[in-house]
Amino acid sequence: METYDHVEIEEKWRERWEENKVHKTERDEDREPFYLIFAYPGISGFLHLGHMRCYTYTDILARYKQMKGYNVLFPAGTHPTGNQAISLAKKLEENDEGKIAYMKKNGATEEDIERMKDPEEVVKYFNEVYKEDYWKKFGFSIDFDYFTHTIREDYKKFITWQFKKLKEKDLLTQKPYFGTECVECGPVAVDPSETDLSEGGNAEKQEFTLLKFEYGDRYVTAATLRPETVFGQTNLWVDPEIEYQIVEIEGEEWIMSEEAVEKLTYQKDSVKEKGTIKGEKMVGEKVLAPGIDREMIILPASFLDPDFGTGIVTSVPSDAPYDYVALKDIKEDEELIEKYDLDLTDVEPIEIIESEEWGTMPAEKIVDELDIESQEEEEKLEEATEKIYRAGFHTGRMLDSCKDYAGMRVQEAKERIKDDLISEGKADVFYDLSEEVICRCGGKVVVGKIPDQWFIRYSDQELTEASVDQAKKMMIKPQSYADNLPSTIEWFQDRSCARKGNWMGTNFPFNEEWIIEAIADSTFYPAYYILAKHYNQGDLKADQMSEEFFDHVYQGKGEVQEISKTTGIPEHKLKEIREDFDYWYPLDLNLGGKEHMTVHFPVFLMNHVALLEEEERPKGIFVNWWLVGKGGKISKSKGGAEPIPDAAEKYGVDTLRLFYAHSASPFVDKEWSEEEALIYQKKLNSLWDMIQKIKELKGEEKAIDDYLISRFNELLKEYHEVMEEYEIRKGANIAFYDIPSEIEWYLKRGGENRELLQKIGKKLVRLLTPFTPHIAEELSEEWNIDFITQELMPEYDEDKVSKLAEAREEYVKKVQEDIKHILDIAEVEGHDIYIYVAEAWKEQAFEKVLEDPEKGMGLMGEIVEEVDAPSDDLASFVKSALEDVSEIGYQSLVEVDFGEKEILEESKEFLEKTFEADIHIAEADEEGIHDPENKASHSKPKRPAIYIE
RNA sequence: GCGGGAGUAGCCGAGCAUGGCCAAAGGCGCUAGACUCAAGAUCUAGUCCUAUAGGGGUCCGAGGGUUCAAAUCCCUCCUCCCGCACCA
């Protein structure tokens with residue numbers, strides 16, 4: 001059969017929509033607005049099919065709402081803030097072969113590449129790619145008149161205003177911050193996606209307590225992750241072979257490894273080198289331990305790593321397996337004791353923490369249990385340390401030896417002891433990374449101190465509470481995120497919002513050398529799209545966008561005449577912009593991938609709450625999971641990484657849209673599968689064929705019509721219900737599978753009503769439109785409408801639902817099924833099928849049973865009175881009826897009143913065709929029927945007996 | 001650690017909120033048939049076990065419980081996955 005050419009029709013309709021400005025959106029006070037966005041993408045290079053998942057969901061919902069009669073605003077933009085465009089330009093400048101090949105493969109020309117050695121041009125280029133090759137290509141109903149991006153002058157004005165407002169509301173603050181930074185190129189993010197890194201994405205920033213041990217005029221320093229164990233300290237460990245550094249920090253002299261000094265230079269204002277001291281020089285000497293004011297001996301050890309902590313470790317043999325084993329080793333090493341002349345009499349483990357699992361001497365116990373022999377058995381020691389720590393942290397309590405902290409839970413004591421030691425000047429804080437991290441640029445990543453970092457005060461009590469309230473009112477999908485968002489907001493701490501260095505973005509208004517960071521300038525932007533249109537039309541200039549202007553538009557402050565005078569924006573324009581904002585806001589829905597759950601969505605919401613009144617705050621969030629490659633990220637080797645325009649041509653845009661919508665719930669990661677995409681392509685072809693076929697049928701009304709009308713209406717109702725709840729997958733399932741399969745059944749049953757099929761066909765194509773708009777337009781081209789995209793959805797009509805029609809079909813299906821079963825099992829020829837409808841008295845008896853099945857056979861008395869039937873037959877029937885009564889489905893079928901014989905006669909032709917047999921229908925108690933095996937007596941109401949020969 | 005999620009037939013993957021028409025949608029794979037010289041594509045039927053009459057049995061990670069009734073609710077356990085901040 002003639003099918004359609006997706007490349008041709010998709011292009012055709014894309015062009016027609018554009019020519020006719022179908023997606024143009026204007027304020028219209030007579031229609032209810034619906035405003036939705038997807039989280040705009042950064043400019044990070046070419047996108048792949050994974051990214052299109054979220055955008056497609058957005059378009060499906062936009063189109064659905066549009067067809068429900070809403071005035072839908074669906075804008076889009078990009079987020080080039082950051083250094084991604086800069087580093088791409090740099091790579092191209094350096095003639096990086098890999099990058100150039102990548103650009104070419106995705107369709108960039110030589111000139112494009114030449115041009116893109118300038119970061120601004122990178123942004124320009126990708127803005128076009130995103131718009132033309134991705135969003136338009138996919139047939140999205142975006143109105144690009146509202147397009148904006150975050151490094152445009154106008155957008156920067158908007159961000160500047162936003163930060164002024166945050167400052168006014170006392171939501172900005174400055175304080176020291178320890179963050180990860182590359183020694184070459186400034187702040188970088190350490191995360192497994194390794195956007196900024198070439199190595200070490202799984203590293204964690206660890207906070208050590210740097211303990212200071214008095215050692216003459218100096219301090220020996222030891223870094224620990226477990227400050228709560230200070231009461232159990234018995235000695236220090238140094239490596240006799242290491243040349244330790246002496247450095248001056250904050251007027252004191254500290255001793256630590258060279259590696260530690262290097263790290264500290266990024267965390268302390270001044271670090272002056274004062275000389276060195278070899279480990280063995282310190283061995284045997286005494287230090288004064290912080291917090292417990294106890295003299296301790298310095299002992300030699302071999303397990304120390306100068307790149308971990310300070311290369312000096314305080315020993316807590318009661319709770320640290322390493323220390324316990326090292327101490328045991330040294331006590332048995334007489335040679336060593338003699339060499340350094342060590343006095344070890346007082347060096348004994350001290351009980352400090354009691355946990356359920358490990359008692360009061362956990363190190364001893366676990367070393368015993370794991371059978372650890374020496375300090376060289378690193379693997380076992382790591383395991384032991386981990387186990388004890390976990391148990392201690394959760395169930396542990398501090399013992400009496402811990403003085404003021406006795407009885408406290410370990411979790412609490414840990415913080416308290418750390419804070420107390422620091423405030424007494426006996427300890428400091430030292431940050432380090434858990435593994436080596438290397439920047440994209442090749443530089444080493446360290447933890448550095450920024451003394452005057454700017455923060456947005458998301459910890460603010462009032463803001464937090466108001467945001468939580470709002471979150472609870474919103475429509476958030478999936479439910480699990482709706483449940484979590486309030487606690488995510490409560491947990492949200494102050495967040496740094498500006499940075500220095502090589503960065504594209506808006507200058508921080510209160511300190512121009514800082515640039516606003518990428519998350520901080522992408523929280524409130526749905527409010528800006530509305531203005532961007534006026535800027536794009538040339539009615540608004542960036543330098544007119546003053547604080548008063550934004551105050552007026554977003555917060556209704558000030559007098560129009562006044563603002564018009566100071567900004568030069570005509571009064572009517574100001575009014576128009578203000579009204580636009582008023583009309584479109586609040587935002588109905590923000591859609592984004594699951595990566596946004598812990599950062600973007602919370603700050604998006606909190607900034608709205610900070611800046612706008614309650615009735616203007618967002619109403620919905622939709623989170624989608626990812627499209628992934630086999631076993632993880634989408635990549636070249638695993639498929640799904642081909643350029644989007646190529647994929648669109650290969651599979652068809654409608655196919656891909658249906659794939660996203662239907663192949664999995666939006667709330668799970670979905671593996672990309674080419675085969676599956678091709679199946680959806682076939683699906684669309686066969687749906688196309690079916691709709692073409694039903695257009696051509698020319699038959700008349702039949703009884704089966706009522707069934708199709710009824711089922712269609714019920715499914716239509718369900719369709720709307722699920723789509724209103726943004727259950728995209730269910731909606732697609734109804735439109736593309738449930739309804740077509742009802743139509744298939746209808747045709748199979750001999751339905752051919754031309755008028756009905758035309759009507760249902762037209763409605764069905766509308767239901768398909770949000771998902772596969774191109775094919776829907778093509779199918780409806782001859783219907784004398786402009787664009788099906790602009791049509792309204794069919795609505796559910798309750799009067800069309802007929803329980804009777806449905807029950808009759810169910811009955812036929814059941815009979816058909818039973819015959820099939822018998823044919824499967826029995827060895828019969830199957831030329832003649834006899835169907836015996838149950839005697840009337842059986843139905844009467846069944847109804848009596850239904851009245852009160854609890855009575856069981858006790859019902860017999862009553863039934864014998866009322867029902868006229870042979871008493872033996874009656875008794876055995878009631879018995880079986882009592883069993884059947886628990887089958888809910890059967891019961892409800894029996895309750896519907898229709899003539900079985902009549903419906904069977906009607907379906908005779910269908911059954912004969914299905915089984916290629918003669919069908920004979922009779923009542924079970926008719927005289928002279930053909931029933932050699934006496935099957936007729938087995939008939940039940942709505943469950944006729946069958947005999948086949 | 002903290003917080004969250006998931007375990008469904010050979011495989012992928014719905015269902016679970018509102019327990020009962022659930023032996024459990026859809027797809028893949030497989031089997032048979034139609035079409036074809038043949039292959040592919042397509043279409044039809046079947047695909048837990050069992051049964052020569054529409055039946056019976058077992059089943060939704062494991063084990064308990066609630067209920068007339070559990071894949072669905074509750075408890076315990078096992079296994080796997082994700083987020084945890086300057087990454088959009």
Side-chain angles (χ1 to χ4, degrees), chain A residues 1 39-44 51 78-82 84 150 177 179-181 187-197 201 204-205 386 389-390 393-394 411 453 455-456 458 478-481 483-484 487-488 491-499 517-522 592-600 602-603 625-626 662-665 667-671 673 675-676 679-680 682-683 685-686 689 729-730 733 736-738 741 810 814-815 817-828 853-854 886-893 933 935 938 943-949:
Chain A
M1 189 186 267
Y40 53 18
I43 297 282
S44 57
H51 298 102
T78 66
H79 186 214
T81 303
Q84 306 197 69
T150 58
Y177 173 69
T180 46
E181 61 184 51
V188 292
V190 173
D191 74 311
S193 69
E194 299 194 342
T195 334
D196 300 340
L197 308 177
E204 277 177 58
K205 186 171 81 181
E386 173 83 16
Y389 177 71
R390 216 177 273 177
F393 187 75
H394 283 104
Q411 290 177 46
Q453 174 69 51
F455 287 84
I456 298 177
Y458 289 117
Q479 186 56 39
S480 60
Y481 187 55
D483 296 341
N484 277 334
S487 54
T488 306
W491 158 86
F492 220 89
Q493 298 299 304
D494 296 350
R495 195 180 167 88
S496 64
C497 61
R499 49 167 288 153
E517 176 278 333
I519 284 162
D521 80 348
S522 57
K594 66 174 181 179
E595 69 277 20
H596 296 302
M597 289 198 290
T598 46
V599 181
H600 170 68
V603 296
W625 267 235
W626 295 334
H662 187 262
S663 73
S665 154
F667 316 125
V668 295
D669 285 338
K670 169 68 192 172
E671 221 171 77
S673 148
E675 301 89 79
E676 220 176 311
I679 287 159
Y680 281 105
K682 279 194 283 184
K683 172 70 195 176
N685 281 329
S686 62
D689 292 345
R729 182 178 195 281
K730 287 182 180 168
N733 201 55
F736 289 84
Y737 292 87
D738 294 345
S741 73
E810 206 174 308
K814 188 71 192 152
V815 170
E817 228 168 77
D818 284 348
I819 295 172
K820 203 187 291 171
H821 271 151
I822 296 165
L823 286 169
D824 280 349
I825 300 159
E827 284 176 357
V828 286
E854 297 295 301
S886 63
E887 273 183 54
I888 302 258
Y890 179 58
Q891 185 187 319
S892 62
L893 186 59
E933 290 189 20
K935 295 285 180 194
H938 295 132
R943 195 83 201 274
I946 295 161
Y947 171 68
I948 303 174
E949 59 179 28

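Protein chains get the first letters and strands the later ones, always in sequence-line order, with residue 1 at the start of each.
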- May I ask you to evaluate whether A/Lys935 reaches the phosphate of B/A53, defined as a side-chain N or O under 4.0 Å from OP1 or OP2? no

- d(CG, A/Asn484; P, B/C84) in whole Å: 14 Å

- Task: Among the candidates B/A17, B/A88, B/C86, find the nucleotide nearest to the side-chain atoms of A/Glu595.
- Result: B/A88

- Mate of B/U18 across any strand shown (Watson-Crick or G-U wobble, both atom pairs under 3.5 Å) is none

- Message: Whether A/Lys820 contacts B/G46 is assessed here as follows: a side-chain N or O lying under 4.0 Å from the phosphate OP1 or OP2. Is that the case?
- Response: yes

- Please give the nucleotide sitting opposite B/G3 as a Watson-Crick or G-U wobble pair, both distances under 3.5 Å, or none. B/C82

- Task: In whole angstrom, give the distance that lies between atom NZ of A/Lys594 and atom C1' of B/C84.
- Result: 14 Å

- Residues passing the side chain to side chain donor-acceptor pair (under 3.5 Å) test with A/His596, sequence neighbours excluded, are none

- Flag this pair as yes if the NZ/CZ of A/Lys594 is under 6.0 angstrom from the six-membered ring centre of A/Tyr481 and inside a 45 degree cone about the axis; otherwise no. no

- Euclidean distance, atom OH of residue A/Tyr680 to atom P of B/G27 [Å, nearest integer]: 9 Å

- Message: Roughly how many Å apart are B/C16 and B/C74, using the C1' atom of each and rounding to a whole number?
- Response: 14 Å

- Residue A/Phe455, side-chain heavy atoms: nucleotide from B/G5, B/C86, B/G83 that is nearest: B/C86

- Given the P atoms of B/A25 and B/A9, what is the spacing between them in whole Å? 12 Å

- Item | B/A25 phosphate, OP1 or OP2, under 4.0 Å from A/Tyr737 side-chain N/O | no

- Note on the structure: Output for pair (A/Asp494 CG, A/Phe492 CZ), nearest 0.5 Å, gives 10.0 Å

- Among the nucleotides B/G54, B/C86, B/A41, whichever has the atom closest to the side chain of A/Glu517 is B/C86

- Identify which nucleotide among B/G3, B/A85, B/G26 has an atom closest to any side-chain atom of A/Phe492, counting heavy atoms from C-beta outward. B/A85

- Task: Tell me whether the centres of the aromatic rings in A/Phe736 and A/His662 are closer together than 6.0 Å.
- Result: no

- Message: When you measure from the side-chain N and O atoms of A/Arg495 to the phosphate of B/C84, is any distance below 4.0 Å, counting only OP1 and OP2?
- Response: no

- Query: Do we get A/Lys670 above A/Trp625's six-membered ring, with its NZ or CZ under 6.0 Å from the centre and within 45° of the axis?
  - Reply: no

- Using atom C1' of each nucleotide, how far apart are B/U8 and B/G83 to the nearest Å? 26 Å

- Where the side chain of A/Ala518 is defined as all heavy atoms beyond and including C-beta, which of B/A88, B/C84, B/G55 is the nearest nucleotide? B/A88

- Task: Whole angstrom is fine here: how far is it from NZ in A/Lys814 over to P in B/G54?
- Result: 12 Å

- P atom, B/U58 versus B/A70: distance in rounded Å? 12 Å

- Check every atom of B/C12, B/A17, B/A88 against the side chain of A/Lys670 and return the nucleotide holding the closest atom. B/C12

- State whether the aromatic ring of A/Trp491 stacks on the base of B/A85, taking stacking to mean ring centres under 5.5 Å apart and ring planes under 30° to each other. yes

- Item | C1'-based separation of B/C49 from B/C59 [nearest Å] | 10 Å

- Message: In this structure, how many angstroms lie between the P atom of B/G83 and the CZ atom of A/Phe667, rounded?
- Response: 18 Å

